[in-house]
Amino acid sequence: MVPRKVLCLPALLVAGLVVSAAFAQPGNIDGWDDLLINNDHSERFDTTGNWASSEEKTVTLTPRPGESGWQRYDAYLWSKEKFRDFEIQFEYKVAKGGNSGFYFRVGDRKSPVAKGIEVQIYDSHPKGPDGKLNDHDSGGIIPGVPPKKNASKPASEWNQFHITSQDNKLTVKLNGEVVNELDLTKAPFASRPAEGHIGFQDHGLPLSLRNIKIREL
């Protein structure tokens, strides 16, 4: 029995080291891939916009003088990789009147509206007296699908999205509440690519993002 234990011990140590090494891979914990590894967005994203990384896994958009509107597609924060089925979590913060969006299945980064799908990011709190929501409220899907409820927090507070796109089913959670569920095989989304880049819109308005993590399904 003693020789057997002596022989098994190194094998167990090696196995333990292999497992530890797998979990120690930078940015990858339990399958979640940190897209702001080393607090640097430039490792995983491309952009000509004025996005700046900082501590605590945060990236902030501060528009340059004269930058306005949303049709400056190269200024968006685009992933270098493409994704198909995935789950993503991130937090966002907008100023009063803030406007942005999370894009996915973008086949052409120069034409994300026609060749992709957008989950709206917006200063939606509070709504007006009628409380009517549209696809431009946070959690809305552009084009044409408003969120089921207004779960957004006031401007200047952090909000959290948890978005899952798997087997052509899209589920959007905002601050822990399901605000949208969608069958992506239906028009107009069926014409979008099955996989593509993900990205965040530069609308010429301040925006902060943090804790951007994704895992492929």
Side-chain angles (χ1 to χ4, degrees), residues 32 34-45 47-79 87-104 112-113 117-142 145-164 170-180 198-214:
W32 287 99
D34 182 358
L35 296 183
L36 293 179
I37 188 68
N38 298 324
N39 297 320
D40 183 6
H41 66 276
S42 66
E43 291 193 21
R44 306 296 293 274
F45 294 95
T47 185
T48 63
N50 194 33
W51 301 81
S53 300
S54 61
E55 297 299 322
E56 298 183 356
K57 302 189 185 303
T58 300
V59 58
T60 300
L61 171 63
T62 305
R64 305 179 184 97
E67 290 184 332
S68 63
W70 54 273
Q71 293 179 304
R72 298 169 296 106
Y73 303 127
D74 59 349
Y76 289 20
L77 191 65
W78 290 119
S79 68
E87 184 178 8
I88 189 169
Q89 296 184 61
F90 63 89
E91 295 174 77
Y92 75 86
K93 181 168 61 175
V94 294
K96 190 67 177 176
N99 192 337
S100 183
F102 167 73
Y103 284 79
F104 67 103
V113 176
I117 303 171
E118 179 185 1
V119 178
Q120 179 72 359
I121 295 173
Y122 196 75
D123 173 25
S124 298
H125 181 94
K127 290 295 290 184
D130 61 2
K132 188 174 182 180
L133 300 173
N134 59 57
D135 61 350
H136 280 72
D137 283 298
S138 267
I141 313 300
I142 296 176
V145 185
K148 298 177 180 179
K149 61 178 71 175
N150 186 1
S152 62
K153 297 180 181 179
S156 301
E157 290 190 21
W158 286 104
N159 293 263
Q160 185 193 51
F161 265 126
H162 185 158
I163 299 167
T164 304
L170 176 67
T171 302
V172 179
K173 293 182 180 179
L174 177 57
N175 296 320
E177 298 189 56
V178 176
V179 296
N180 237 320
I198 64 171
F200 296 91
Q201 184 185 64
D202 180 342
H203 203 290
L205 297 167
L207 171 71
S208 292
L209 303 166
R210 71 181 182 186
N211 298 326
I212 309 173
K213 297 179 181 179
I214 194 168

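None of the values given here were measured: they were computed from a predicted structure.
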To the nearest 0.5 angstrom, please state how far the [atom1] atom of [X] sits from the [atom2] atom of [Y].
{"X": "Ser68", "Y": "Leu205", "atom1": "OG", "atom2": "CG", "value": "9.0 Å"}
{"X": "His203", "Y": "Gln71", "atom1": "NE2", "atom2": "CD", "value": "9.0 Å"}
{"X": "Asn134", "Y": "Tyr122", "atom1": "CG", "atom2": "OH", "value": "8.0 Å"}
{"X": "Asn180", "Y": "Lys148", "atom1": "CG", "atom2": "NZ", "value": "7.0 Å"}
{"X": "Asp137", "Y": "Ile121", "atom1": "CG", "atom2": "CD1", "value": "13.0 Å"}
{"X": "Ile141", "Y": "Leu170", "atom1": "CD1", "atom2": "CG", "value": "5.0 Å"}

Looking at every non-hydrogen atom in both residues, tell me the closest pair between [X] and [Y] and how far apart they are.
{"X": "Gly140", "Y": "Pro147", "value": "CA-CD, 3.6 Å"}
{"X": "Glu157", "Y": "Lys93", "value": "O-CG, 3.7 Å"}
{"X": "Ala75", "Y": "Trp51", "value": "O-NE1, 2.9 Å"}
{"X": "Ser42", "Y": "Asp40", "value": "OG-OD1, 2.6 Å"}
{"X": "Trp78", "Y": "Pro112", "value": "CH2-CB, 3.6 Å"}
{"X": "Phe104", "Y": "Ile198", "value": "CB-CG2, 4.0 Å"}

Review point. Distance only, no hydrogens: is a donor on one side chain within 3.5 Å (strictly under) of an acceptor on the other, for His125 and Ser152?
Key: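 The answer is no; no qualifying pair exists.
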
Check your understanding: Does a donor on one side chain sit under 3.5 Å from an acceptor on the other, for Glu43 and Asn38?
Key ->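 Yes.
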
[X] vs [Y] side-chain heavy atoms within contact, under 4.5 Å:
{"X": "Leu174", "Y": "Ser138", "answer": "yes"}
{"X": "Lys132", "Y": "Lys127", "answer": "no"}
{"X": "Glu177", "Y": "Asn175", "answer": "no"}
{"X": "His136", "Y": "Ile142", "answer": "yes"}
{"X": "Leu77", "Y": "Leu61", "answer": "no"}
{"X": "Gln120", "Y": "Asn99", "answer": "yes"}
{"X": "Leu133", "Y": "Asn150", "answer": "yes"}
{"X": "Asp74", "Y": "Thr47", "answer": "no"}

Practice item. Take Lys57 and Asn39 through the side chain to side chain contact (heavy atoms under 4.5 Å, CB included) test and state the conclusion after the steps. Key: CA-CA 5 Å; Lys57 302 189 185 303; Asn39 297 320; 3.4 Å; yes

**Study point:** Residues that Tyr73 engages under ring-ring contact (aromatic ring centres under 6.0 Å, His included), provided they are two or more places apart
**Key:**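 Tyr73 satisfies ring-ring contact (aromatic ring centres under 6.0 Å, His included) with Tyr76 only.
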
**Study point:** With sequence neighbours excluded, residues passing ring-ring contact (aromatic ring centres under 6.0 Å, His included) with Phe200
**Key:**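 In terms of ring-ring contact (aromatic ring centres under 6.0 Å, His included), with neighbours along the sequence ignored, Phe200 is linked to Phe90, Phe102.
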
Point to revise | Results of side chain to side chain donor-acceptor pair (under 3.5 Å) for Glu118 - residues two or more places apart only | key: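 Counting only residues at least two positions away or on another chain, Glu118 forms a side chain to side chain donor-acceptor pair (under 3.5 Å) with Tyr103.
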
Review point. Can any side-chain N or O of Thr60 pair as donor or acceptor with the backbone N or O of Ala52 at less than 3.5 Å?
Key: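 Judged by distance alone, no pair lies under 3.5 Å.
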
Check your understanding: Hey, does the side chain of Ser53 reach the backbone of His41 with a donor-acceptor pair shorter than 3.5 angstrom?
Key ->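 Checked: pair present.
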
Review point. Should we count NZ of Lys213 as having more than 12 external heavy atoms under 6.0 Å?
Key: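 Count not over threshold, so no.
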
Check your understanding: Has Glu56 got more than 12 heavy atoms of other residues, nucleotides or ligands less than 6.0 Å from its CD?
Key ->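 It does not: Glu56 CD has 12 such atoms or fewer within range.
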
Check your understanding: Between Leu35 and Ile214, does a side chain to side chain contact (heavy atoms under 4.5 Å, CB included) hold up when you go through it step by step?
Key -> CA-CA 7 Å; Leu35 296 183; Ile214 194 168; 3.9 Å; yes

